[in-house]
2 protein chains.
Amino acid sequence: MLFALSDPERLAIARQLVDGPLDMAECHLSNPDVPKSTKSHLMKVLRTAGVVRNEANGRARRLSLRREDLDARFPGLLDAVLSAEDGAPKS
Amino acid sequence: MLFALSDPERLAIARQLVDGPLDMAECHLSNPDVPKSTKSHLMKVLRTAGVVRNEANGRARRLSLRREDLDARFPGLLDAVLSAEDGAPKS
DNA sequence: CAAAAGGTTCGAAATAATTCGAACGATGGA
DNA sequence: TCCATCGTTCGAATTATTTCGAACCTTTTG
C-alpha cells in the first residue's frame, strides 16, 4: 500500500476518490495525454495494493476507495497520507 | 517518504529507531548477511527521503528518526506507518 | 605508526517498475 | 447488426532501484 501511494500520480488518484466513487473517465491524470494503457496500469497497482476497488459499470468502470478495509488494516494511515501537503519541504 | 518506507527492510529500520537513536552497527537487518554497502544504501534512501538522520559519532554513525520534521510535514503519517501491522492481509 | 573497526562512495550487473502501442473484450447506441 | 466507446491485457523497450565488491576515508586501538 505504501508503495502504491508513493507515486504522485497514484496518490492524486486516491485523493480524487476520497469524496466518493468516480468513473474511470472522470478520474484525471496530471498529464491528460498519457495513453489509456498507462492509466489502466496505474489503477492496477492501486487495485493490487488494495487501495482501490474497480467494478464494471456498464461500459465504464466505477472506481472507489477501499476506506473500510484500509482503515482496518492501517488505522490512520490513509487519512494521514491523504491530508499530507503536496510538494517538497520548504527548507 | 512514502517510497522510502514502502520497503520492508527500510520500514523495519525506522521501527528500530522509534525508541531512540541507534548506532548503525546496532541496527539489524532481517538478513544479517547483506554486505555493508547494501545496508549503507538502505540508510541513504531513508536519509535522502528525510526519514532518518545520520551523524558521525566517533568511528560509528548515530542514526535517529527525524520525528519532528516528519510530523510537521506529514502529521500522523509516521505514527500510522509505524503502528501498522506487519504481513499481508488475512483475507 | 600500522592495522583494525565502522562506514561511505563508486561502478557495474541484476531486478523490478513504468510506459506505450496494438490487440482484444464487453456494452450501448444508431 | 455494426460500430464506436471505455477499458483491460500483453509484450517489448525504457528507465529506475537494488545489490554487491572494491577502493577509500576517518577514528580508535595496539
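Letters A, B, ... mirror the listed sequences (proteins, then strands); counts begin at 1.
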C/dG7 base / B/Ser40 side chain donor-acceptor hit below 3.5 Å: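 Donor-acceptor pair under 3.5 Å: no.
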Integer-rounded Å distance: [N] [atom2] and [X] [atom1]:
{"X": "B/Glu55", "N": "C/dT8", "atom1": "CD", "atom2": "C1'", "result": "16 Å"}
{"X": "A/Glu9", "N": "C/dT19", "atom1": "CD", "atom2": "C1'", "result": "13 Å"}
{"X": "A/His28", "N": "D/dC6", "atom1": "NE2", "atom2": "P", "result": "13 Å"}
{"X": "B/Leu42", "N": "D/dT19", "atom1": "CG", "atom2": "C1'", "result": "10 Å"}
{"X": "A/His41", "N": "D/dC6", "atom1": "NE2", "atom2": "P", "result": "23 Å"}
{"X": "A/Met43", "N": "D/dG7", "atom1": "CE", "atom2": "P", "result": "9 Å"}
{"X": "B/Lys39", "N": "D/dT17", "atom1": "NZ", "atom2": "C1'", "result": "20 Å"}
{"X": "A/Asn31", "N": "C/dT18", "atom1": "CG", "atom2": "C1'", "result": "14 Å"}

Audit row: B/Arg67, B/Asp79, salt bridge (charged side-chain N to carboxylate O under 4.0 Å, His left out) steps and yes/no: CA-CA 9 Å; B/Arg67 258 206 167 283; B/Asp79 285 328; 2.8 Å; yes
Sugar-phosphate, base or nothing in reach of A/Asn54, heavy atoms under 4.0 Å: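 Sugar-phosphate, backbone atoms only, no base.
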Sugar-phosphate only, base, or nothing, as touched by A/Arg62 at under 4.0 Å among non-hydrogen atoms: nothing
Looking at [options], which one has an atom nearest to any side-chain atom of [X]?
{"X": "A/Lys36", "options": "D/dT8, D/dC20, D/dT17", "value": "D/dT8"}
{"X": "A/Arg59", "options": "C/dG29, C/dT9, C/dG7", "value": "C/dG29"}
{"X": "B/Phe3", "options": "D/dT8, C/dT19, D/dT18", "value": "D/dT18"}
{"X": "B/Ser37", "options": "C/dG6, D/dG7, D/dC20", "value": "D/dC20"}

Side-chain N or O of A/Arg10 closer than 4.0 Å to phosphate OP1/OP2 of C/dT18: yes
Closest non-hydrogen atom pair, B/Leu77 against A/Leu77: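 Residues B/Leu77 and A/Leu77, closest heavy atoms: CD2-CD2, 4.4 Å.
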Under 3.5 Å: donor-acceptor pair, side chain of A/Asp7, backbone of A/Arg10: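 Present.
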Crowding at NZ, A/Lys44 (>12 non-hydrogen neighbours, <6.0 Å):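 No, not enclosed.
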B/Arg66 with B/Asp71: basic N within carboxylate O range, under 4.0 Å: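 Not counted as a salt bridge, because no side-chain N and carboxylate O are separated by less than 4.0 Å.
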Of A/Gly58 and A/Thr38, the one whose closest DNA chain C nucleotide lies more 5': A/Thr38
